[in-house]
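Please read the structure below before turning to the comments.
All values derive from a computational prediction rather than experimental measurement. Chain A is the first sequence line, chain B the second, and so forth, proteins listed ahead of strands; every chain is numbered from 1.
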2 protein chains.
Amino acid sequence: MDRDIKGNTRLENCPLTYSRNMIGGKWRLPILWAIRQNETLRYNELKRTVEGITNMMLSQSLKELESNGLIVRKQYLEMPPRVEYSLTVEGEELVDHLRALARWGKRMQGLQGHGGVE
Amino acid sequence: MDRDIKGNTRLENCPLTYSRNMIGGKWRLPILWAIRQNETLRYNELKRTVEGITNMMLSQSLKELESNGLIVRKQYLEMPPRVEYSLTVEGEELVDHLRALARWGKRMQGLQGHGGVE
DNA sequence: CAGTATCCAAGTAGATACTG
DNA sequence: CAGTATCTACTTGGATACTG
């Protein structure tokens with residue numbers, strides 16, 4: 001987290017805020033996860049795999065992930081059309097960090113007694 | 001991320017979703033960060049340190065963080081009142097994971113060329 | 001198959017004022 | 001000092017229908 005001259009916590013231009021924005025929103029993480037499990041997935045495969053997502057949210061999220069350099073979109077000029085999505089190296093790194101976070105979450109879920117989950 | 005029998009990605013009861021909820025919202029992370037830098041902080045110190053936060057959001061976020069077992073609230077029965085917040089062991093672990101994520105974000109910010117940030 | 005467009009509902013956060 | 005309460009504004013996501 002960034003801090004200004006007075007040592008205060010700022011949100012702007014902070015690498016952590018940046019990382020967090022990368023996985024912000026409801027669907028980006030599930031999408032990354034799904035691609036990771038399958039190496040590469042087509043649009044409709046993603047739609048089936050990520051439960052409950054709409055076309056709207058899927059295509060929007062994919063665009064964001066792509067423009068953020070976490071996934072690549074490969075379009076084959078065939079008929080019927082075919083588009084495949086896979087992770088970039090950076091995307092894989094991110095997922096690895098998140099895996100660590102998930103392990104921590106799993107241990108936390110085990111403890112709970114500390115006050116429960118909201 | 002959890003997957004169901006068909007191997008699909010589910011959001012419920014997923015440790016990663018859990019971890020993510022812990023740092024959800026705009027202010028929890030800045031608050032954790034601020035406490036981490038100072039070992040322990042009083043309410044009004046937090047208010048000054050976390051730029052732009054309102055009483056409303058601060059007290060609400062503090063409650064959530066406490067009930068999630070990430071921070072402890074210690075109240076001294078003095079006049080004027082005094083309340084100090086500090087991280088639990090679990091809270092410190094979380095911040096460490098996030099530090100790793102921040103380092104990754106910093107490298108990503110350096111690359112950028114991949115398509116820029118939204 | 002792989003998306004867009006539009007419009008609406010819900011969830012989150014901010015402003016402001018007040019209290020033990 | 002350390003918070004609550006209320007009411008409003010904004011941001012996100014969902015439903016539905018349509019297209020190259």
Taking all non-hydrogen atoms of both residues into account, name the closest pair between A:Tyr85 and A:Ile35 and its distance.
O-CG2, 3.7 Å
Pairs under 3.5 angstrom only: tabulate donor-acceptor contacts from the side chains of residues 93-100 of chain B to other protein residues two or more places apart or in another chain.
from    : atom 1 : to       : atom 2 : distance (Å)
B:Glu93 : OE1    : A:Trp104 : NE1    : 3.3
B:Glu93 : OE1    : A:Arg107 : NH1    : 3.3
B:Asp96 : OD1    : B:Arg36  : NH2    : 3.0

Supply the atom-to-atom distance A:Leu46 CG to A:Ser59 OG, rounded to the nearest 0.5 angstrom.
11.5 Å
Hey, does the side chain of A:Thr49 reach the backbone of A:Ala34 with a donor-acceptor pair shorter than 3.5 angstrom?
no
When you measure from the side chain of B:Glu66 to the backbone N and O of B:Lys63, does any donor-acceptor pair fall under 3.5 Å?
no
For DNA chain D, which residues of residues 45-62 of chain B approach it to below 4.0 angstrom with any heavy atom?
B:Asn55, B:Met56, B:Ser59
Taking A:Ser19 for its side chain and B:Leu101 for its backbone only, find out whether a donor-acceptor pair lies under 3.5 Å.
yes
Step through the shown structure and confirm whether more than 12 heavy atoms of other residues, nucleotides or ligands are within 6.0 Å of CD on B:Glu39.
no
Less than 4.0 Å between a side-chain N and a carboxylate O, is that true for A:Glu45 and A:Lys47?
no
Verify same cluster id: A:Leu62, A:Val72 (apolar side-chain graph, 4.5 Å):
no
Using a 4.0 Å cut-off on heavy atoms, which residues in residues 72-81 of chain A reach DNA chain C? List them by number, or say none.
A:Arg73, A:Pro80, A:Pro81
Just to verify, what does A:Glu51 make a side chain to side chain contact (heavy atoms under 4.5 Å, CB included) with, not counting sequence neighbours?
B:Asp4, B:Lys6, B:Asn8, B:Arg10
Any donor and acceptor pair, going by atom type alone, linking the side chain of B:Arg20 with main-chain N or O of A:Leu29 inside 3.5 Å?
no
Reading DNA chain D 5' to 3', how would its secondary structure be written in dot-bracket notation, given Watson-Crick and G-U pairs with both distances under 3.5 Å, brackets [ ] for crossing pairs and | for partners on other strands?
||||||||||||||||||||
With a 4.0 angstrom cut-off to heavy atoms of chain A, pull out the first and last contacting nucleotide of DNA chain D, in 5'-to-3' order.
D:dG13 to D:dG20
Please determine whether side chain to side chain contact (heavy atoms under 4.5 Å, CB included) holds for the pair B:Met56 and B:Thr54, giving the CA-CA distance in whole Å, both sets of side-chain angles, and the decisive distance to 0.1 Å.
CA-CA 5 Å; B:Met56 182 66 196; B:Thr54 61; 3.6 Å; yes
